[in-house]
Protein chains: 2
Amino acid sequence: MSSAAKVIDALAALAQEHRLALFRLLVQSGEAGLPAGVIAERLAMPASSLSFHLAHMERAGLIRRTRHGRSLIYAADYAAMNGLIAYLTENCCAGASCVQPIAEERNAA
Amino acid sequence: MSSAAKVIDALAALAQEHRLALFRLLVQSGEAGLPAGVIAERLAMPASSLSFHLAHMERAGLIRRTRHGRSLIYAADYAAMNGLIAYLTENCCAGASCVQPIAEERNAA
DNA sequence: TCGATATTTCCAGAATTATCGAATCATAGG
DNA sequence: CCTATGATTCGATAATTCTGGAAATATCGA
């Protein structure tokens, strides 16, 4: 994930209303993921539009797909998101002022 | 930062080659920030193009500007980036698989 | 007040991205 | 082999974003 180009792809993939909602939905769905049809229903979106966004996110490396019979199952790639957050933490923060609050978050949880 | 719309604005602001470089430059420059002219020179970019990107990032809340004589000084808003990372950590990760590595990062540092 | 400097705003054109119906592809089951 | 189902790809259009020169704005110093 370290290269800036990949980071930009990931950021761009998430920087869209439908795709951010899509990713959050997949995160909630866990490793098992969800078939495209169910996602389309949950997000109330035409199949072809959803397919466009799914392809976009897969290209960016944020989600993975597997086939299960006629269904294509999509699942969040947690490692990719982890890498993105690591990049932002390491390259776009100023030490204490940015890393600390996350540490507090962990203690609070 | 919590609202999804604001998060999308911040992600979109960072999801662009020149703006990501710009933000990283400002992060490195610390609280003191940098005048627009210096940024334009460092990023080798026409003044009007840079101005477009600076405005974009300021609208997204990621940078702040202050005037100093004829110069407009831009500086990274660390709290905003912190909020963005917090949102991603809380909403786009699956507990252990995403939060843990960041914890390791802290221990290693 | 005048001229120089720092930067933005305006504008038009180029490039990219999003939308979604219709056509197509892949698989399952009879 | 045929049909139904789940999903993608195609294609055309609409909308948004990026680019950079020229003009306008703000400030400083003499």
Side-chain angles (χ1 to χ4, degrees), chain A residues 4-26 29 32-77, chain B residues 4-26 29 32-77:
Chain A
K6 283 187 183 175
V7 168
I8 289 170
D9 286 346
L11 289 169
L14 292 169
Q16 210 276 349
E17 185 187 352
H18 297 314
R19 287 194 298 264
L20 185 58
L22 160 61
F23 192 77
R24 291 184 62 181
L25 178 60
L26 289 184
S29 303
L34 286 177
V38 173
I39 299 172
E41 192 183 0
R42 295 271 190 91
L43 299 183
M45 174 179 315
S48 65
S49 295
L50 173 63
S51 201
F52 168 83
H53 291 302
L54 286 169
H56 198 309
M57 299 219 68
E58 199 189 7
R59 240 182 294 125
L62 287 169
I63 65 177
R64 281 165 308 172
R65 100 176 163 183
T66 53
R67 181 176 283 279
H68 195 271
R70 269 170 291 208
S71 298
L72 289 176
I73 311 294
Y74 288 89
D77 186 324
Chain B
K6 283 188 183 176
V7 168
I8 288 170
D9 286 346
L11 289 169
L14 292 169
Q16 210 275 349
E17 185 187 352
H18 296 315
R19 287 194 299 265
L20 184 58
L22 160 61
F23 192 77
R24 291 184 63 182
L25 178 61
L26 289 184
S29 304
L34 287 176
V38 172
I39 299 173
E41 192 182 359
R42 295 270 191 91
L43 299 183
M45 174 180 314
S48 66
S49 295
L50 174 63
S51 201
F52 168 82
H53 291 301
L54 286 169
H56 197 310
M57 300 219 68
E58 198 188 8
R59 241 182 293 124
L62 287 169
I63 65 177
R64 281 164 308 171
R65 101 177 163 183
T66 52
R67 181 176 282 280
H68 194 269
R70 269 170 290 206
S71 298
L72 290 175
I73 311 293
Y74 289 89
D77 186 324

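As a basis for the values below, the full set of heavy atoms in this structure was taken, side chains included, without hydrogen atoms, waters or symmetry mates.
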Chemist: Just the rounded figure in Å: distance from C1' of dT8(D) to CG of L54(A).
Modeler: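 It works out to 10 Å between those atoms.
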
Chemist: Tell me the interatomic distance from E41(A), atom CD, to dG6(D), atom C1', rounded to whole angstroms.
Modeler: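 The distance from CD of E41(A) to C1' of dG6(D) comes to 13 Å, rounded to the nearest Å.
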
Chemist: Rounded off to whole Å, could you give me the CG-to-P distance for the L43(B) and dC18(D) pair?
Modeler: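 Checked: the CG to P distance equals 15 Å.
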
Chemist: When you check every protein heavy atom under 4.0 Å of nucleotides 23-30 of chain D, what one-letter string (B, S, -) results, 5' to 3'?
Modeler: ---SBB--

Chemist: Assign S71(B) to base, sugar-phosphate, or nothing according to its heavy-atom contacts below 4.0 angstrom with the strands shown.
Modeler: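 Touches sugar-phosphate only.
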
Chemist: Look at Y74(A) and dT8(D) and indicate whether a side-chain polar atom (N or O) is within less than 4.0 Å of OP1 or OP2.
Modeler: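 Indeed, a polar side-chain atom of Y74(A) lies that close.
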
Chemist: To the nearest angstrom, how far is E58(A) atom CD from dA7(D) atom P?
Modeler: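 Spelled out: CD on E58(A) to P on dA7(D) is 14 Å.
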
Chemist: May I have the distance from L22(B) (atom CG) to dT7(C) (atom C1'), rounded to whole angstrom?
Modeler: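 Interatomic distance, CG of L22(B) to C1' of dT7(C): 15 Å.
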
Chemist: Kindly give the heavy-atom pair with the smallest separation between L34(A) and S29(A), and that separation in Å.
Modeler: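 Taking every non-hydrogen atom into account, CD1-OG, 3.3 Å.
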
Chemist: Whole-Å distance between dT5(D) P and I73(A) CD1?
Modeler: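 Taking CD1 of I73(A) and P of dT5(D), I get 18 Å after rounding.
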
Chemist: Go through the structure and list residues passing side-chain contact (heavy atoms from CB on, under 4.5 Å) with R70(B), not counting sequence neighbours.
Modeler: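 None.
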
Chemist: With a 3.5 Å cut-off and sequence neighbours excluded, list the donor-acceptor pairs that the side chains of residues 37-48 of chain B form with protein atoms.
Modeler:
none

Chemist: Please tabulate, for side-chain N and O atoms in residues 11-25 of chain B, each donor-acceptor pair with protein atoms closer than 3.5 Å (sequence neighbours left out).
Modeler:
{"unit_1": "Q16(B)", "atom_1": "OE1", "unit_2": "H18(B)", "atom_2": "N", "d": "2.8"}
{"unit_1": "Q16(B)", "atom_1": "OE1", "unit_2": "R19(B)", "atom_2": "N", "d": "3.3"}
{"unit_1": "R19(B)", "atom_1": "NE", "unit_2": "A13(B)", "atom_2": "O", "d": "2.7"}
{"unit_1": "R19(B)", "atom_1": "NH1", "unit_2": "H53(B)", "atom_2": "ND1", "d": "3.0"}
{"unit_1": "R19(B)", "atom_1": "NH2", "unit_2": "A12(B)", "atom_2": "O", "d": "3.2"}
{"unit_1": "R24(B)", "atom_1": "NH1", "unit_2": "Y87(A)", "atom_2": "OH", "d": "2.7"}
{"unit_1": "R24(B)", "atom_1": "NH2", "unit_2": "N91(A)", "atom_2": "OD1", "d": "2.9"}

Chemist: Would you mind classifying the nucleic acid contact of A36(B) as base, sugar-phosphate or nothing, using non-hydrogen atoms under 4.0 angstrom?
Modeler: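 Here A36(B) touches the backbone only, sparing every base.
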
Chemist: Which parts of nucleotides 11-24 of chain C does protein reach within less than 4.0 Å, heavy atoms only, written one letter per nucleotide 5' to 3' as B for base, S for sugar-phosphate only and - for none?
Modeler: -------BBBBB--

Chemist: Excluding sequence neighbours, so at least two apart, what forms side-chain contact (heavy atoms from CB on, under 4.5 Å) with R64(B)?
Modeler: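 Expected list: E31(B), D77(B).
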
Chemist: What residues, two or more places apart in sequence or in another chain, satisfy side-chain contact (heavy atoms from CB on, under 4.5 Å) together with I73(B)?
Modeler: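 I73(B): side-chain contact (heavy atoms from CB on, under 4.5 Å) contacts with P35(B), T66(B), H68(B), S71(B).
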
Chemist: Can you tell me how far P of dG6(D) sits from CZ of R65(A), to the nearest Å?
Modeler: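 That distance rounds to 17 Å.
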
